[in-house]
Number of protein chains: 2
Amino acid sequence: MPKKRILPYVLLGLINNKKKLSGYQISQEFKHEVGDFWHASHSQIYPELARMKEDNWVKDEEEGKATYYMLTTTGHEVLRNWMQEPLDGNEEMFSLKLYFINDSTDPLLKKLLEQELKLKQDKYEYLQGRLSKVFTDKEKIKANFGHYLILTRAIEREKNHIEWLKNRL
Amino acid sequence: MPKKRILPYVLLGLINNKKKLSGYQISQEFKHEVGDFWHASHSQIYPELARMKEDNWVKDEEEGKATYYMLTTTGHEVLRNWMQEPLDGNEEMFSLKLYFINDSTDPLLKKLLEQELKLKQDKYEYLQGRLSKVFTDKEKIKANFGHYLILTRAIEREKNHIEWLKNRL
DNA sequence: GCTGTCATGTAAGACGTTACATGATTAC
DNA sequence: GTAATCATGTAACGTCTTACATGACAGC
């Protein structure tokens, strides 16, 4: 099976946030707003929008030289379904989906935070396990100092993230 | 110009750490040790090793059914040069390079930490700028709550990372 | 006139994943 | 004997980046 695509969902989410966007505006969004969490180049965006139009996820509207895209009813459904799919291991998925939640009372928000918390707690456990398994004595630390550093760093990062999540639940 | 490849350098680093590795062993490394910071499948590894042998970065040695690879003098030079190249924006580059530093007295260690600190401080500034630029009042926060959350989360993450880096310098 | 931005699109190539394929050895 | 692991390799396919390409319009 082919790897799961996310670009179309990202486009849906972006268009949905602004109600109406052109391909060019989307590529600008990636240079600013969303840019810190996801990226796509215009040569991906245009063909993708065309495909999405063919699949009836979006409808378009020409205004001067620009073509604006809006979600269809199907598009809204597809987006909502994707938003509700459980988070996988992909690190940026959490940020990305969060970006598409505008309303602080949206029940999806809590669900997302809980899912991420679970994922991160598991990862924390796993990393702790790795640490005590790989670095059993000071000799091992000395002989693989860089590895020791990133592993402990990764653990602290997860801890910090878990704390943050807990504070917003 | 083509996008900068890192796989060959990762392979150099891994082989260098263990002095001698087969393609299979490398693919196992990705499932365990390095796996948290980088990944490659065996179908990338084998052809890459062949290319590296052609370029004289590694030499091989057959033992039974397995082919073991070791760095050549050129390979050591290439690896060292790559390790000394300044860190770019790529997030995992820091972890990866750190993984290849075994000795805590290696001067590269301090250099790496300093480079990463600089990068993260810049990013911190940038994100703070974004925050005060995008979320000027409570209305904006309310209307884009998810975006607000990840932005503040990203800022806290950088802060935490910066602290960690400072504590090791 | 030239530069920059708006706006869209295609083509070539690199990169990475999954699946296909094979054969030897080890463990139950 | 059959399943798992060791060990290597190729093929097909999809994705993403870079580069190529075009045209309009705004500002200096």
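Numbers restart at 1 for each chain; the letters A, B, ... are given by sequence-line order, proteins then strands.
- One interatomic measurement links the two molecules: CG of B:D88 to P of D:dT17, which rounds to 14 Å at whole-angstrom precision.
- Contact check on B:K118 versus B:D122 returns a salt bridge, with a Lys/Arg side-chain nitrogen under 4.0 Å from an Asp/Glu carboxylate oxygen.
- If you take CG of B:N90 and P of D:dT17, they are 13 Å apart, rounded to a whole angstrom.
- Applying the 4.0 Å criterion to OP1 and OP2 of D:dG14, one finds that A:R5 has every side-chain N and O outside that range.
- In this structure, A:I6 places its CD1 atom 14 Å from C1' of C:dG16, rounding to the nearest Å.
- Distance B:E63 CD to D:dC6 C1': 14 Å, rounded to the nearest Å.
- Between B:S43 and C:dT17, a side-chain N or O to OP1/OP2 separation shorter than 4.0 Å is absent.
- Taking atom CD on B:E62 and atom C1' on D:dC6, their separation rounds to 15 Å, with Å as the unit.
- As a whole-Å value, the separation of B:I45 CD1 from D:dT8 C1' is 11 Å.
- Within the 3.5 Å criterion, the main-chain N or O of A:E125 finds no donor-acceptor partner in the side chain of A:Q128.
- Note: A:F100 and B:H147 fail the aromatic proximity criterion, with ring centroids not under 6.0 Å apart.
- Taking 4.0 Å as the cut-off between side-chain N and carboxylate O, A:E63 and A:K20 count as a salt-bridged pair.
- Listed for the A:K97 side chain is a donor-acceptor partner under 3.5 Å among the backbone atoms of A:W82.
- Rounded to a whole Å, the CG atom of B:L7 is 9 Å from the P atom of C:dC15.
- For the pair B:L11 CG and C:dG16 P, the interatomic distance rounds to 11 Å; values are reported in whole Å.
- Evaluation of the side chain to side chain donor-acceptor pair (under 3.5 Å) rule for A:K140 yields A:T136 as partners, not counting sequence neighbours.
- Look at B:Q44 and you won't find any side-chain N or O under 4.0 angstrom from OP1 or OP2 of C:dC15.
- Checking the phosphate oxygens (OP1, OP2) of D:dT8, a side-chain nitrogen or oxygen of B:Y46 falls inside 4.0 Å.
- The side chain of A:K65 has C:dA7 as its nearest neighbour among C:dA7, C:dG16, C:dT18.
- Atom OH of residue A:Y46 and atom OH of residue A:Y24 lie 8.0 Å apart, to the nearest 0.5 angstrom.
- Shown for residues 16-27 of chain B: residues whose heavy atoms fall under 4.0 angstrom of DNA chain D, namely B:S22, B:G23, B:Y24.
- Mapping A:H39 and B:H42 onto DNA chain D by nearest heavy atom places B:H42 at the nucleotide closer to the 5' end.
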